[in-house]
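Source: prediction; values computed, not measured. A note on names: the letters A, B, ... follow the listed sequences, proteins ahead of strands, and every chain is numbered from 1.
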Protein chains: 2
Amino acid sequence: MSPRPMVRPGGRSARVQESVHAAVRELVGEVGRDALTVPMVATRAGVTPSTIYRRWGDLQELLSDVAVERLRPETDPADLGSLRADLDAWAEQFLDEMASPPGRAYIRDALLGDPDGTNAGQCSAYAAEQIDVVLARAVQRGEPVPETELLIDRVVAPIMYRILFRPGRLDAAYARELVTNAVYAQQVEAGARPTQAAAPRRSKKKTDN
Amino acid sequence: MSPRPMVRPGGRSARVQESVHAAVRELVGEVGRDALTVPMVATRAGVTPSTIYRRWGDLQELLSDVAVERLRPETDPADLGSLRADLDAWAEQFLDEMASPPGRAYIRDALLGDPDGTNAGQCSAYAAEQIDVVLARAVQRGEPVPETELLIDRVVAPIMYRILFRPGRLDAAYARELVTNAVYAQQVEAGARPTQAAAPRRSKKKTDN
DNA sequence: CGCCTAGAAGCAACAAAATCGCATTAAGGT
DNA sequence: ACCTTAATGCGATTTTGTTGCTTCTAGGCG
């Protein structure tokens, strides 16, 4: 009945985990991601290779863990006084970080060594949290707000799709354009609905509002 | 003036490539993707491991090549008589194929062993080609059509994002919803533009309209 | 406060895979 | 038919990944 020794978050295990993660970060900077090997990381971390193999399975899963940590947003989105301004600023920063060479590398790594999708889900959750902060502030101000799902589909998804699948350039103007369209869609949905084809997104109640 | 011997597409090289690809397809079915190893593939293909290492680098790049082949659409989208019907049908089939367990696996593999993004770009190109076929037919009929880019951002990207980053279920209703919104957006852009915030996608000149 | 237990790490022998130099084959052009 | 050279085969070597067993220690319990 004793709760769960399932994982041991403290003590030596924690130290090992931290030192291994640190070793990865250092070595990625020094020799590059491609030259990384498990034995190399183990040596730098002062650990035996078998420890890493047992805890992470392989290099990809380890890199995935490290990548997710680095993709975690460190601060809340800035408060610029309006939903539109907050979203613009957040989307621009999001695009910048994700589309940068290191950002792309982290995304790839996060997806790569992630058999069950846990890490990928975490990335998605980070973005959703940031958006929720912005939306909550807008609600406080009394502004009408779109649903988080809409913003993920219209802003986050296109950015990530282009990063992963298309070589082309991504700039701030594109991010703003996506925000414009998303916000406009929400306005249409909330207010005038020109045609019946409007936008019954994720209808829990797609009646009128 | 002779084209280029850069790669040797014919003869033995081609036979080796085909036999290796075939070996991968067979073995994935027999022992599963996780149990695959380069030596195993080499043996089945009647080839030395070093051949595979030299041509593909590692198992991931080989799997990526095979995955892209399997993601290539085999037939043009059905012609159902209207843009809306064609898009609905295509999006539903696209979602079905991509969200299925084998589809997800192919997508992951395609992205995984793809340092320069060539294979990922190819996947994106496949989708764009299919959409272009649908749009070209609609133009023939005299229907107004959205841009390919809009459909990729609004339909393809959200589907792929959810497949890659979110655990939730994806069903045909969601695909239709995305198509509805995309087609509606295009109608707004082309015709009545309720507010000036409408949808200046990809503005070459984003001044006023 | 000190034992007990079990999960985690160390160690070392082993198995498997990846790399590399060199010999051989065979496309594709002349 | 010959020549050039990319591509493959082969085998030795290095590196990486696995496994059984021992040792250590965090966390629970008396």
For atom CG of A/Asp34 and atom P of C/dA18, their distance in whole Å:
16 Å

Counting side-chain heavy atoms from C-beta on, which of C/dA9, C/dA17, D/dG17 comes nearest to A/Tyr53?
D/dG17

Closer than 4.0 Å, any side-chain N/O of B/Thr37 to the OP1 or OP2 of C/dA17?
yes

All pairs passing salt bridge (charged side-chain N to carboxylate O under 4.0 Å, His left out) where residues 87-112 of chain A contributes a residue, at least two apart:
A/Arg33-A/Asp109, A/Arg84-A/Asp88, A/Glu92-A/Arg176

Length of the line joining B/Arg55:CZ and C/dT19:P, which is rounded to integer Å
17 Å

Please report the interatomic distance OG(A/Ser100) to CG(A/Leu170), rounded to the nearest 0.5 Å.
11.0 Å

Closest of C/dA9, D/dT8, D/dT16 to the A/Pro39 side chain is D/dT16

CG of A/Leu59 versus P of C/dA17: gap in Å, rounded?
18 Å

What nucleotide among D/dT16, C/dA9, D/dG17 has an atom nearest to a side-chain atom of A/Val38?
D/dG17

Tell me which donor-acceptor pairs under 3.5 Å the side chains of residues 125-133 of chain B have, and how far apart each pair is, sequence neighbours excluded?
unit_1   : atom_1 : unit_2   : atom_2 : d
B/Tyr126 : OH     : B/Arg72  : NH1    : 3.3
B/Gln130 : NE2    : B/Thr75  : O      : 3.4
B/Asp132 : OD1    : B/Thr148 : OG1    : 2.6

Under 3.5 Å between N/O atoms: give me all the protein pairs with nucleotides 10-12 of chain D, atom names plus distance.
unit_1 : atom_1 : unit_2  : atom_2 : d
D/dC10 : N4     : B/Ser50 : OG     : 3.2
D/dC10 : N4     : B/Arg54 : NH2    : 3.3

In whole Å, what is the span from the CG atom of B/Asp58 to the C1' atom of C/dA16?
16 Å

Just N and O in the side chain of B/Arg12: are any of them under 4.0 Å from OP1 or OP2 of C/dT25?
no

Could you work out how much the helix from C/dC1-D/dG30 to C/dT30-D/dA1 bends, comparing the axis of its first five pairs with that of its last five, to 10°?
40°

Lys/Arg N to Asp/Glu carboxylate O, B/Glu147 vs B/Arg154, below 4.0 Å
no

Are the charged groups of B/Glu149 and A/Arg162 less than 4.0 angstrom apart, N to O?
yes

C/dA15 P sits how many Å from B/Met40 CE, rounded?
18 Å

Considering residues at least two apart in sequence or located in another chain, which fulfil the side-chain contact (heavy atoms from CB on, under 4.5 Å) criterion with A/Ala45?
A/Ser19, A/Val20, A/Ala23, A/Val47

Please collect all ring-ring contact (aromatic ring centres under 6.0 Å, His included) contacts where either partner lies in residues 150-170 of chain B, sequence neighbours excluded, each pair once.
B/Tyr161-B/Phe165

Supply the atom-to-atom distance B/Ser82 OG to B/Leu87 CG, rounded to the nearest 0.5 angstrom.
8.5 Å

Polar side-chain atom of B/Thr37 near backbone of B/Met40 as donor-acceptor pair, under 3.5 Å
yes

Calculate the interatomic distance between B/Trp56 atom CH2 and D/dT8 atom C1'; express it in whole Å.
12 Å

